[in-house]
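Below is one structure, written out as structure tokens; the observations come after it.
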Protein chains: 2
Amino acid sequence: MQNLLSNLKITLNEKLYVKDPETSELGRNILKNSILLMNEIGFEAFTFKKLGEKIQSNESSIYRYFENKHKLLVYLTSWYWSWMEYRMVLATTNISNPVEKLEKAIKLVTENVADDQTTPHINEEILSRIIVEEFAKTLMTKEVDTENKEGFFLVYKRVINRIIAIIQEVNPEYPFAKSLASSIVEGALHQHFLKNHLKTITNLSEKECATDFYTDMVKKILL
Amino acid sequence: MQNLLSNLKITLNEKLYVKDPETSELGRNILKNSILLMNEIGFEAFTFKKLGEKIQSNESSIYRYFENKHKLLVYLTSWYWSWMEYRMVLATTNISNPVEKLEKAIKLVTENVADDQTTPHINEEILSRIIVEEFAKTLMTKEVDTENKEGFFLVYKRVINRIIAIIQEVNPEYPFAKSLASSIVEGALHQHFLKNHLKTITNLSEKECATDFYTDMVKKILL
DNA sequence: CAAAGTTAATAGTATTACTATCACATTTTG
DNA sequence: CAAAATGTGATAGTAATACTATTAACTTTG
């Protein structure tokens with residue numbers, strides 16, 4: 001798996017960037033440090049000027065890679081979901097039992113994420129924190145319909161569609177496969193957010209992840 | 001119920017405003033039109049200057065009621081959850097069967113909202129659209145922990161705690177009552193968002209609401 | 001080695017998110 | 001009923017943000 005991943009080049013929608021950040025040192029530096037800075041100060045306070053200072057480069061240089069910080073966030077989140085999809089394919093292919101397949105998929109989208117050493121310029125653990133704290137903001141804009149048409153959220157939808165397909169394998173009669181899949185993926189992020197900030201309305205504690213809650217849920221719903 | 005509601009004065013955390021907007025004509029005008037304007041142009045593009053133009057008043061006058069637009073949004077969402085809590089109490093008290101109680105509570109938080117004529121300065125139908133499109137933003141800030149300590153989200157948590165209590169009545173053995181309750185409330189909003197913007201990953205169609213999906217879910221999980 | 005592309009630095013603009021001040025009208029109160 | 005307090009509107013001003021444009025130096029490539 002290590003070897004497979006090291007060959008992996010995650011290719012994203014070209015409309016997300018002005019210049020592909022994976023093709024230069026500066027580009028990779030922008031990705032690496034935007035993750036760190038966004039995690040430190042949050043998406044609202046994050047600016048290209050501050051990022052420029054952090055990487056000892058210039059604001060205007062960053063604008064040559066990304067039109068604005070919103071598109072950078074969409075890029076980073078798409079990268080994350082693409083990485084997630086890749087791991088999901090790896091974890092579920094060649095497993096014939098659909099229930100086992102579903103368990104693996106749910107485990108992936110609900111568990112705590114560790115850094116994947118094969119991608120030196122992306123720290124997946126920190127990126128996953130950004131997903132928990134900021135992902136909803138990529139969707140919740142007045143431009144969501146236009147951006148959706150341009151394919152900004154394709155990777156995310158593909159991850160959910162894979163889970164929908166597995167749910168349908170497990171129980172073809174269940175009438176809400178789409179809603180169940182999307183609520184698991186979004187709900188897992190939300191439970192992690194609550195664990196970090198509004199502890200009284202979640203059962204997850206400290207280092208716990210949402211796997212048990214959702215595994216129990218789908219089994220009771222589908223079996 | 002009409003009479004009860006007409007006597008209802010929704011009282012919110014004093015830290016949310018500089019001057020209580022319910023106590024003056026201008027204040028109520030700010031509430032009414034901020035809901036309309038925010039729904040039209042979205043929270044990001046919404047400014048006090050634009051609102052001032054809309055209500056033929058001045059930017060600086062609005063600042064005398066709310067420190068900034070984030071606090072105004074928290075105010076509006078708290079108002080909504082307070083109204084929701086009130087209706088939930090009304091709908092569930094004096095019902096002895098816990099399952100029936102849970103069904104009523106779920107119906108309330110998942111169904112499409114209609115305007116409540118007893119509050120002339122608040123259009124609940126439009127406010128509920130703002131909740132679907134913007135509520136997550138009230139939580140997803142770097143100040144969430146401070147604001148949580150100051151009680152900004154108390155009303156929201158109270159709504160969820162009421163559902164938690166009913167879930168525990170229905171099935172005291174179920175180990176994830178908190179996570180289930182919070183995922184129903186947040187998940188219902190998310191499903192409505194998907195219905196409006198990412199139709200392919202939800203089963204809700206056009207004018208449908210999330211009640212069936214969640215009622216089916218809790219019954220299979222708890223009974 | 002010339003052309004093309006990449007980057008850093010500087011400057012400049014419109015908008016946003018406020019703050020401060022003042023004038024005027026209305027309401028309260030002593 | 002006069003003085004004081006309060007509410008509102010108008011104007012001005014500031015720092016920060018989110019960009020765009022230009023230029024000059026440096027690097028890569030054909």
Side-chain angles (χ1 to χ4, degrees), chain A residues 14-34 37-38 40-76 121 134 137-138 140-143 146-147, chain B residues 14-34 37-38 40-76 121 134 137-138 140-143 146-147:
Chain A
E14 288 186 10
K15 285 176 184 161
L16 293 178
Y17 49 79
V18 182
K19 181 186 162 158
D20 187 350
E22 299 266 11
T23 62
S24 78
E25 197 56 38
L26 178 62
R28 287 184 292 271
N29 223 249
I30 289 172
L31 296 182
K32 179 177 183 170
N33 287 282
S34 61
L37 186 58
M38 228 180 258
E40 277 168 41
I41 64 176
F43 181 69
E44 266 60 48
F46 176 94
T47 68
F48 282 180
K49 192 166 191 174
K50 288 177 192 165
L51 178 61
E53 280 160 27
K54 193 181 177 85
I55 63 176
Q56 315 244 59
S57 176
N58 199 270
E59 198 190 0
S60 57
S61 304
I62 300 164
Y63 275 105
R64 272 193 214 92
Y65 286 84
F66 294 99
E67 259 181 66
N68 51 51
K69 68 174 178 174
H70 174 251
K71 286 208 175 164
L72 170 57
L73 181 62
V74 178
Y75 182 96
L76 292 174
H121 60 299
E134 324 279 7
K137 293 173 194 167
T138 62
M140 299 182 130
T141 70
K142 271 285 156 179
E143 295 75 38
T146 325
E147 296 187 348
Chain B
E14 288 186 13
K15 286 176 184 162
L16 292 179
Y17 49 78
V18 182
K19 180 186 160 154
D20 186 349
E22 298 266 12
T23 61
S24 78
E25 198 56 39
L26 178 62
R28 285 184 294 270
N29 223 250
I30 288 171
L31 296 182
K32 179 176 183 170
N33 286 282
S34 62
L37 186 58
M38 228 180 256
E40 277 169 42
I41 64 176
F43 182 69
E44 266 61 48
F46 175 95
T47 66
F48 282 0
K49 193 166 189 174
K50 288 176 191 164
L51 178 60
E53 279 159 29
K54 194 180 176 89
I55 63 176
Q56 315 243 61
S57 174
N58 198 271
E59 201 190 357
S60 57
S61 304
I62 300 164
Y63 275 104
R64 280 193 203 95
Y65 285 85
F66 292 101
E67 258 181 67
N68 51 52
K69 68 174 177 174
H70 174 252
K71 287 208 175 165
L72 170 57
L73 181 62
V74 178
Y75 182 96
L76 293 174
H121 61 299
E134 325 278 7
K137 293 174 194 167
T138 61
M140 300 182 129
T141 70
K142 272 286 156 179
E143 295 76 38
T146 323
E147 295 187 346

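Letters go in sequence order (proteins before strands), and every chain restarts at 1.
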Who are the side-chain contact (heavy atoms from CB on, under 4.5 Å) partners of [X], not counting sequence neighbours?
X       : value
A:Lys15 : A:Asn13, A:Glu150, A:Phe152
B:Ser57 : B:Leu26, B:Ile55, B:Ser61
B:Lys49 : B:Thr47, B:Glu53, B:Glu59
B:Asp20 : B:Lys9, B:Tyr17, B:Glu22, B:Thr23, B:Tyr75

Using atom [atom1] of [X] as one end and atom [atom2] of [N] as the other, report the distance to the nearest whole Å.
X       : N      : atom1 : atom2 : result
B:Ile30 : D:dG7  : CD1   : C1'   : 12 Å
B:Ile62 : C:dT16 : CD1   : P     : 14 Å
B:Glu53 : D:dT8  : CD    : C1'   : 17 Å
A:Glu25 : C:dG5  : CD    : C1'   : 17 Å
B:Leu51 : D:dT8  : CG    : C1'   : 15 Å
B:Leu72 : C:dA17 : CG    : C1'   : 14 Å
B:Lys71 : C:dC18 : NZ    : C1'   : 14 Å

- Contact class for A:Tyr65 vs. all strands (heavy atom < 4.0 Å): base, sugar-phosphate, or nothing? sugar-phosphate
- Closest approach of A:Phe48 to A:Leu72 (non-hydrogen atoms, all atoms of both residues): CE2-CD2, 3.8 Å
- Task: Would you check if B:Glu44 and B:Lys137 make a side-chain contact, meaning some heavy-atom pair closer than 4.5 Å?
- Result: yes
Kindly write out the residues that satisfy side-chain hydrogen bond (donor to acceptor under 3.5 Å, both in side chains) with [X], not counting sequence neighbours, or none if the list is empty.
X        : result
A:Lys69  : none
B:Lys54  : B:Glu40
A:Thr138 : none

Between the protein and nucleotides 24-28 of chain D, list every N/O to N/O distance that falls short of 3.5 Å.
none

- May I ask you to verify if any side-chain N or O of A:Lys19 is less than 4.0 angstrom from the OP1 or OP2 atom of C:dT7? yes
- Task: Can you sort out the partners of A:Glu143 under salt bridge (charged side-chain N to carboxylate O under 4.0 Å, His left out), two or more places apart, ordered by chain and number?
- Result: none
- Task: Only counting residues at least two apart or in another chain, list the ones meeting salt bridge (charged side-chain N to carboxylate O under 4.0 Å, His left out) with B:Glu147.
- Result: none
- Note on the structure: When the rotation axes relating C1' atoms of four end pairs to the next four are compared across the helix from C:dC1-D:dG30 to C:dG30-D:dC1, five pairs an end, they differ to 10° by 10°
- Base versus backbone protein contacts along nucleotides 14-22 of chain D [heavy-atom cut-off under 4.0 Å; B, S, -]: ---SSBBB-
